[in-house]
Asker: 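Supplied in C-alpha cells, the structure appears directly below.
Just so you know, these numbers use all the heavy atoms, side chains as well, and skip hydrogens, waters and symmetry mates. Every number for a ligand or one of its atoms is a count from 1 in the order of the listing.
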Amino acid sequence: MNIPFSPPYIDEEVIEEVLHTLKSGWITSGPKVKALEEEIKLLCGAQEVLCVNSWTSGAIMMLRWLGLTKDDEVIIPAYTYSATALAVLHAGGTPVMVDSCEDFNISVQAIRDAITENTKAIIGVDFGGYPCDYKEIMDLVTEEEILRKFNPNSPVQGTLGRILVLNDAAHSLGASYDGCKKTGSETDITIFSLHAVKNVTTAEGGAICLNLPETFDNVVLYRELKMMSLNCQTKDAFTKTKVGGWRYDITGLGMKINMADVNAAIGLAQIRKYPELLKERKRIFKAYNDAFSKCEWAVLPPYNRNQKESSYHIYALRIRNFTEEQRDRMIDEISKKGVAVNVHFIPMPMLTLFHSMGYDINKYP
Ligand SMILES: *Cc1c(COP(=O)(O)O)cnc(C)c1O
C-alpha cells in the first residue's frame, strides 16, 4: 500500500493549461491570474479576489495595509499553522493567542475575553475546512461596548472604525455557512492558500478575498493592493509591454508577492473541476466516518453542523484516552503500512519560537 500525504491533483487538463501558458510567450502575472481570480470570485461570492504567491505573504500584506504597530494586538487561535502568527509578527503587531473549542475552531467567548483597547484584528482559522462562527464574530466586533473600546491608530483602522475580521481560510475553499453562503464572502478579508497540499493548488499561492464595508471601495482597493503586491509600481510588467506604456512610478513601500501565470494555470484547470473534486473528498470523508463511528475510542471531526459544511480538507481523528507516546507509536505503525498521517497541528506555544516569546501551552488546555 502507498497512500502519500495529499499528492497534488495533476491531470491532462492541468498539463494542457500550463503548456498553453508556457507557449504563450507570457509566463508571469497576466491573463491566467486574472482568470483564476474570476473563478474564485464566482465560486465563493467575494466582492473582489486578488491572487498572490502564498497565504503567508498575502496575510502579511493585508496586516501591513491595516497598519499595525507593536502595541496593536491581533487575536488568533493557539491551535493553527504557525503562518497565522508569523504574519502578525512580520506585519509588526503582537499575536494574542486564545483557545479553541471542541470543534477545533477559535472560541468566540475566548475572543471576547481577550479584546482590549489595542485589539485591531481577529483571525479565525477554518480548521480542516470547517468554518468558524463568523456570524458571532462579526456580531461581536460591532457591539456597542466593543466599538467604544476601539482605538484606531492608522488611517485604515480609522476608516474601518472597528476591529477587522480576517478568515484564515487556508483549508476551507468551497466550504459553506448559513446553509448556502461560501467562505470567502463572510468576513472583511478571507485568505485561501493555494499551496501544494491544499484542496486547490497553484504549487505555491494564495487568494485574498475582499468584502470590506461601504466605507471602502473594494474595486479601488483591489487595484491598490494589486499594485502593493508588485512593489507599488504603477504599471505591471504586462502593461509595460504595450506600445508607449513604458513610464512608471513607485508610489510607496510595497511587497513583491504577485502570482505568476504559469502557477495560476495549474489552479485554473483544477478549480473548473472543483465541484467534482469536492464531492470525491466528501465521499472519502464519509467512508472514514462510517468506519470510525463503529469505534467507541474514536472522536469524529465536525463537518456538518449549525448550517455549516466543511470543504473536507483534513480528516482530523481524535482518540480517547490516548497518550502522546501511544499516538506517536500509532503514527509509526501506520507509516510502516505505507500510509502517511501526521499531527495537525502542533499548537504554536509548543514550538520553539513562540515558547521562547513567552506563550505557554498550559493556558490553552
Ligand atoms: C497552509 C496554511 C497556511 C499557509 O499557507 P501558505 O500558502 O503556505 O503560506 C496558513 N494557515 C493555515 C491554517 C494553513 O494550513
Asker: Going by heavy-atom distance to atom 9 (O) of ligand 1, choose the closest among Asp168, Thr56, Thr84.
Answerer: Thr56
Asker: Which of the atoms of ligand 1 are close to Ser54, meaning less than 4.0 Å from one of its heavy atoms?
Answerer: 7 (O), 9 (O)
Asker: Output the list of atoms in ligand 1 that are nearer than 4.0 Å to some heavy atom of His171, sorted by atom number.
Answerer: 13 (C), 14 (C), 15 (O)
Asker: Establish, from distance only, whether the side-chain atoms of Asp126 and Ser172 form a donor-acceptor pair under 3.5 Å.
Answerer: yes
Asker: Quick one: which ligand 1 atoms are inside 4.0 Å of a heavy atom on Val125?
Answerer: 13 (C)
Asker: If you measure from OH on Tyr130 to OH on Tyr177, what distance do you get to the nearest 0.5 Å?
Answerer: 14.0 Å
Asker: Give the numbers and elements of all ligand 1 atoms closer than 4.0 Å to a heavy atom of Ser193.
Answerer: 5 (O), 6 (P), 7 (O)
Asker: Please find the pair of heavy atoms, one from Ile76 and one from Ile106, that lie closest to each other, and give the distance.
Answerer: C-CD1, 3.8 Å
Asker: If the cut-off is 4.0 Å to any non-hydrogen atom of Thr80, which atoms of ligand 1 fall inside it?
Answerer: 13 (C)
Asker: Ligand 1 and Lys198, any nitrogen or oxygen pair closer than 3.5 angstrom?
Answerer: yes
Asker: Tell me, with the steps shown, if Phe104 and His313 meet ring pair (Phe, Tyr, Trp, His ring centres under 6.0 Å).
Answerer: CA-CA 14 Å; Phe104 298 117; His313 176 58; over 10 Å; no
Asker: Are Arg283 and Tyr312 in a cation-pi contact, defined as NZ or CZ under 6.0 Å from the six-membered ring centre and within 45° of the axis?
Answerer: no
Asker: Please check if the side chain of Asp168 supplies one atom and the backbone of Thr84 the other of a donor-acceptor pair under 3.5 Å.
Answerer: no
Asker: For the backbone of Lys273 and the side chain of Glu276, can you confirm whether one donor and one acceptor N or O come within less than 3.5 Å of each other?
Answerer: no
Asker: Check whether any heavy atom of Gly205 sits under 4.0 Å from an atom of ligand 1.
Answerer: yes
Asker: Output yes when the distance from some N or O of ligand 1 to some N or O of Trp55 is under 3.5 Å, and no in every other case.
Answerer: yes
